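Model, not experiment: these values are computed from the prediction.
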Amino acid sequence: MTTYKFLNVIERCIDCGGCFAICKDQNHVPEGTARVRVVTINEGRPGEKNVAISCMHCYEPACVAACPTKAISKREDGIVLTDKSKCIGCGYCSWACPFGAPKYPHDLPPELKEYEGLMDKCTFCVQPFEPGKEREPKPRCALFCATKCRLGGDIAQITPVYTAMKAGSMGRLQERI
Amino acid sequence: MATRTNSIGSCSDFRMSRRTFSKLTALGTAAALSGIGEVGAYPTKFVDNLIEPASAAPAAPGVDLVKSHCSHCALGCGFLGRVEDGVCTGIEPWVENPINRGAMCSKGTSIAEMLNSGTRLKYPLKKEGGKWVKISWTEALDTIANKVKEIKANYGPDSIMWIGSAKVTNEECYLFRKFAAFNGTNNVDHQARICHSTTVAGMANTWSFGAMTNSWNDMRNSGLIFFCGENAAESHPVSMQHILEAKNRGAKFIVADPRFTKSAALADQYVRFRPGTDIPLIWGICHEIIKNDWHNKDFIEKRTYGFEQFKAEVDKYPPEVVEDITWVPADTIRQLAYDWAHPPREGSPACICWAMGATQHTVGTQNIRSFACLSMLMGYVGRPGGGCNAFRGHDNVQGATDMCVLSHWLPSYYGLTEGSWKHWIGVWNEHAPITFEEMKAKFDEHDGKSLMHVKGLTVSRWYEGVLDASVKQPNPVKMVFVWGHSLNSITEMKRMKKALEEVELLVGVDPHATIAASLADRDDGIIILPASTVFEKDGSVTNSARQVQWRNKLVEPLFDSKPDMWIMKELADRLGLGAHFTYDSPDDVLREINRGACVIMMRQSPERLKRQQEYCCAFSCEDCQAKSGPVKGEYWGLPWPCWNDEHPGTPLLYRNDIPVSEGGNEFRTRFRGADSTPGNPVSDDGVSMLGAAYGYSEGYDEMNCDGTPGSGWKFELDCDWKEMIAQNKCPSGAGKSRFRAWNLPDPVPVHREPIESPRPDLVDKYQTYDDMEDHYRVKCLFKTIQQERKNLVNDYPLILTTGRQVEHMGGGAETRSCRYLVELQPEMYAEINPKVAMEIGVKHWDYIWVQTLRGKCKVRAYVTERVNNQTVFMPYHWAGWFEGVPYADRYPPGCAEIALGDSCNIICVDGYDRTTNMQETKACLCKVYPV
Ligand code: SF4
Ligand code: SF4
Ligand code: SF4
C-alpha cells in the first residue's frame, strides 16, 4: 500500500529556496504565506544546517485530532488534507502541529477573500491554494529540489534513497568532527 | 503551430517519460530523485531499449510541455514549460535532462512568474520633457537609426558604444558582433568582460582555450573539490547536486573563501583567507608540493613548459610567508598541499573551481593562471574528475564569449588582425556581398592606424569613453546602446551616471526597464525598447561546460515586445545593412556560425542539437554520454570542439588518453615565439612547444586540411578533418601548456596587493602594476592610486567584498521583479560581524552606511559570523537607490522592480585587471556606521 511521506537529508540542503518558489508557482500560494519554508540553524558558523519544513503528513496527525470541525483528514495514501469549507480558522491545529505547518493567510487579494483566515498547508500538490478538483500527488518541491535532498513519495521507495544519501553524508560528517 | 507541436517536451512522449513524468507521481519519485549511483533517474534497461520516440501525444488535452532551459545561471538547467492555450501557466520537471535531472533553484522555479511579470516593459518608450511617452516601434526605430547615422557622420562610428548581452541566444550574440562590425566599430562588449574575462585570459594563456575544462557532471568523479572564490550553493545551486554526489562517494570538499558561505557550510573544510591574496595561497600550496616532491614530473616534462621559472617564483612563498599575507595558518597550507596531492578517493584527481571571487581583481588573470598551474603541477588537467572548472555566470555567457561580443575579438576568438577579418568577411560574403576593403572603409583611423585592428572600449569602463577627452579614438562616445545589460553590475556608478547624462542618446533594449531607464538624471534622450524574454524565441545557448542546448520558444512574445533578432534586423534595414541580417530562422544563423567558428570548432548543427533534445533520456547523468538510440556515443550538448557532423563533442578539454574521434583533445600549439616555423613551434627562449600526444607519441604542430603543418584548421571552411581524426590527430596540434606565459605582464604570477590594501606594510613589497596610458583606449591608474591610498586603512578599516544571493541574478532587474524571490530576499543589506555591530552600536536589520572613497550606501545591517570582524560583505544585485535616495520615480510608470536597494557598485574600488580590464569588486576598504 502506498504511503506518501517527505524525508529531508539535511546534510544536503543548500537553502536555495527552490521548494518555496515552485510550491508558490504550482499551487498559487499567495504572498505572505507559504506551504514550505527553509529553516536554517547555526547560520554563518560551522554546523550550519538547513531543512525544508512543511506539513510532514504524519502517521498520526496531531492536527486531525485537534480540529474541532473535522476539517482535516488523512487519506488512505497518507496525505493529510484540509477541507476549507469546513475550516473555521480557529488555529487549534497550529497548536497541535509540531512543525508550524498550518498557516492562516490574511490580507488576501479580493479574489481570494473567501479563504481569509482559513487554514492552508501542504497538500502534496493535490490541492492548490484555491481548492479545486483533486490532482495527482506529485510533490513539486521534491521533484525540483536542487540537490535532491528533499525526498517525497512512497515511503517504501524513498527510504532506501534516504538511507544511502544519509550514510554518505554522515560518514563525511564524522570525519569533520 | 508547427513549432510548438514539434517542440512538445518529447520526453513526455517517450516511453521513458511516461514512466517518469506522467507516472512521476510520488510513486515514481524515488528512482527519479535518487542521487545515488549510476542508475540515478534512469533505469538502464529502459535506456538500452530506447530506439525511437513514441507518438507526440500532449501531456493532457490542450496542454503542451515544451522543453526549455533556465536563464539564470550557466548550468542551463532544463525544464518543461507548461503551455495552455498559448500561455505559460507554470513549469514541470524535465527529469531526463542529464545536467539537472529536473532540479532547479528558486530562480529557475520562478521562471513562469518572471515570464508573465507585470513589471515588464510593454511597448517602446521615450523620455520627453521629463515624462515617459509611449511611442510606436516605427517611431522608435526611425529615431534611433537616424541618430546612429547622425553620430556616425558627425563624430565617427566609434562614438557609439554597443553594450551587448550574455542573456540572449548564440545566434543573437553572433549577429550583435557582426552588427557592430558592419557599423564600423570595435566598441562592442558585454558582461563577460566583468565576470570571467580574466578566466578566459588566464586559462587561454596557459593551455589555449579559456573555458571550463571539465563539466559539472564530471565532478562526480573528483577525489577532491577545491573551491576558491566560488559559492555554488548560491550562484550555481544545482551544480551542488553533482558536488555532493562526489562527496558522498568519498571526495573531500574544501571551500577557501573570505566568507563562510552557504557552500562552506556543506564543505568538509573551510579556509578563510584575505580578499585579494589568492596567488600567495596557491603558491604556498605549490611550494609545499614541490618541496615534498609530490608533483607529477612525468606530466610536467611531457606536456608543460616553463616549470623551472615557475618553481623559482613559487620558492618565494613558503607557508610562513603565506600565513602573514593570507590569514591562513602555515599548517593549514601544508595540509591543503597534502590533500591536493593525495585526494582521498583512490585514483581520482582533484579539481579547482572558481567564479567571480577569483576573477574580479586587479590580478584576476594571474589568479586564474595560478589555479591552472596548481592543476598542471599534479597533472590533473585532462582527466575525468580533474581540471579547472570556471563556473560562469549567465545562461549564455560562454556562448556570448564564444561569439565574442567583445571589443578585442571577432566571433570564435579570432583577433582583430587582417587575416581574422578576412576569414569572417569571407563567411559573411557568402550571405551577402562584402569585401575586406568595403569593411575597412566603414572604420575610422586614429594615430595613423585603422581602428579596425584596435581593441575597443570595454563594458567595465565604457563611460570613460564618454568622459575622458583623451580617449584614444577620434571623438568621445556620444551614444550608447544598453542591449540586455544591467548597468549596476559595473563599478564606478557615479562616473557612469554622469556619462549616461552626457551622451546624446541612450537606448535601452531589455525585457525590463532596468536602471538604463532610471539612473540618469535627464529629461530627454532616452529610448527604451521592450525585448522579448528568452522564453519567447528559439535558439541555442552554451552553458559553462561548453554544452550547447537548444531552447524552444514557449509562447509568442508578450505585450508588444520583440525578439532581439527582429530589432537588429529592423535597425539594419534602416541603416542600409539589411541584406547582411536577413535570416529565415535562428537555425540559419547557427549554420553560418557552424561554418566560420573554426577556432572552437562550433559545428553543432541545429538538427543535431534538436535530435539530442528529443532523445534526452538516452544520456547518462554520469558522463553526459548517450548510451543508446540514434545519438549513441554523443556527449550532451556536443561540447566544443565538435570537429564535424559525426564527432561526439569534447567533454573534457586536453584529455589525450582517448582518441580524438571519441572526444580526445590536446593542448594546442598556440604559443609560438618569434623563432617558430610551421611544424616547429618554440617558446620565446627557444624551447620546443610540442608536447606528448595521444598514446604518448611525439607531439605535432597544428595543421592544414592537407595534413601539412600550418594554421589552416582555423581558416579552411570546407574541411571536415575526418582524415586526421581517423589517425588520432587533433588538427589544432599537440603542444604544451605553459607555466610561464611569456607574453603576459607577469609571465609567472606574483602576488600584488589590491589597490586598497589593509596592509600598508606589504604594499611596497608587493606593489601593483605601473599605470597604463592606453588600456582599451582609456587611461588606467594602478600604482599612483595604490600609493596615494597606502594608509587608507587608518580611516577605512574594513575590507569590502561583494557577491551573490541565491534568489537574485546579475543586476537583478528580473529577479527583483518576481514576487516569490522578493518574498525570500526583500531588501539590500551588508553583512557585518557581531563584533563590528557591537562596536558601532547597531542591531540586526538596523540601517547602516557603508562608505568608501567613492561614496556610500544605505543598507540594512545583517549581523552574522559569515564574515569576520575585518570584512564586510554586500550582494551586488541591487539598484533603485542611489546613496540612500530612492529613484523609483524615474522608472517608466509601473516598470520599477518590486524590490529596490542601494547598489554596492557605487562604492566598489576603481581598480581594473591589468590584462582584460575586469573591475576589482572583491577587495577594497570601507567603513560602516549607523544611519
Ligand atoms: S508537496 Fe506540493 S504543496 Fe506540499 S510543499 Fe511541496 S510543492 Fe507545496
Ligand atoms: S529545493 Fe532542496 S536544496 Fe533547495 S532549499 Fe529546498 S530542500 Fe533545500
Ligand atoms: S539558476 Fe542555475 S541552478 Fe538555478 S535553475 Fe537556473 S540554471 Fe539551474
Side-chain angles (χ1 to χ4, degrees), chain A residues 2 4-5 9 11-26 31-32 34 38 40 42-50 77 124-125 136-140 142-154 156-161 164-165 167-169 171-172 175-176, chain B residues 24-37 79 90-93 95 100-110 112-113 232-234 237-238 240-241 244 247-250 252-253 260 262-266 268-270 806-807 818-821 823-825 831 864-867:
Chain A
T2 310
Y4 290 119
K5 278 290 324 145
V9 186
E11 288 77 15
R12 283 170 85 110
C13 177
I14 55 174
D15 183 20
C16 72
C19 44
F20 171 93
I22 193 64
C23 180
K24 290 239 153 185
D25 203 51
Q26 179 66 27
E31 215 171 311
V38 184
T40 303
N42 291 323
E43 190 189 72
R45 34 181 126 102
E48 176 175 329
K49 290 273 174 304
N50 309 301
D77 59 8
F124 234 76
C125 289
E136 276 182 277
K138 288 184 204 168
R140 299 308 196 286
L143 288 168
F144 275 102
C145 170
T147 61
K148 311 272 180 201
C149 70
R150 183 164 168 86
L151 306 172
D154 183 5
Q157 286 189 294
I158 61 175
T159 301
V161 181
M165 275 195 204
S169 308
R172 306 305 305 172
E175 203 170 288
R176 247 176 298 163
Chain B
L24 200 75
T25 58
L27 275 171
T29 53
L33 290 175
S34 155
I36 311 293
F79 68 91
I91 63 169
E92 297 291 355
V95 290
N100 66 319
R101 302 187 301 152
M104 293 187 111
C105 71
S106 51
K107 298 179 292 301
T109 50
S110 302
E113 166 73 10
E234 303 214 50
V238 171
M240 290 304 292
Q241 201 186 111
L244 291 169
K247 199 175 155 211
N248 251 23
R249 295 175 185 185
K252 188 163 183 178
F253 177 30
F260 185 86
K262 287 186 185 177
S263 307
L266 287 141
D268 293 304
Q269 185 183 1
Y270 167 62
V806 63
E807 297 85 357
C818 172
R819 291 174 302 163
Y820 314 151
L821 299 173
E823 237 185 302
L824 285 170
Q825 203 62 266
E831 287 181 359
T864 171
E865 287 169 52
R866 283 206 197 282
V867 287

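When side chains are defined from C-beta on, B:Lys247 does not count as touching A:Glu11, because their heavy atoms never get closer than 4.5 Å. With a 4.5 Å cut-off on side-chain heavy atoms, B:Val806 and A:Asp15 do not count as touching. Side-chain contact between B:Asn248 and A:Arg12: present, with at least one pair of heavy atoms (C-beta onward) separated by less than 4.5 Å.
Of the possible donor and acceptor atoms, none in the side chain of B:Thr109 sits under 3.5 Å from a partner among the backbone N and O of A:Ala21. Side-chain atoms of A:Lys148 do not come within 3.5 Å of backbone N or O of B:Gln241 as any donor-acceptor pair.
Among B:Val238, B:Asn100, B:Leu244, the residue with the largest count of heavy-atom pairs under 4.5 Å with chain A is B:Leu244.
Looking at A:Cys125, neither its backbone nor its side chain comes within 4.5 Å of chain B, counting heavy atoms on both sides.
Using a 4.0 Å cut-off between charged side-chain N and carboxylate O, B:Arg819 and A:Glu31 make no salt bridge. Between A:Lys24 and B:Glu823 there is a salt bridge, with a side-chain nitrogen of the basic residue lying less than 4.0 Å from a carboxylate oxygen of the acidic one.
Residues A:Phe20 and B:Tyr820 approach most closely at CE2-O, 3.6 Å, considering heavy atoms.
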Residues B:Lys262, A:Glu43; criterion salt bridge (charged side-chain N to carboxylate O under 4.0 Å, His left out); working and verdict: CA-CA 9 Å; B:Lys262 287 186 185 177; A:Glu43 190 189 72; over 6 Å; no
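A distance of 9.5 Å separates CD of B:Glu865 from CG of A:Asn42, quoted to the nearest 0.5 Å.
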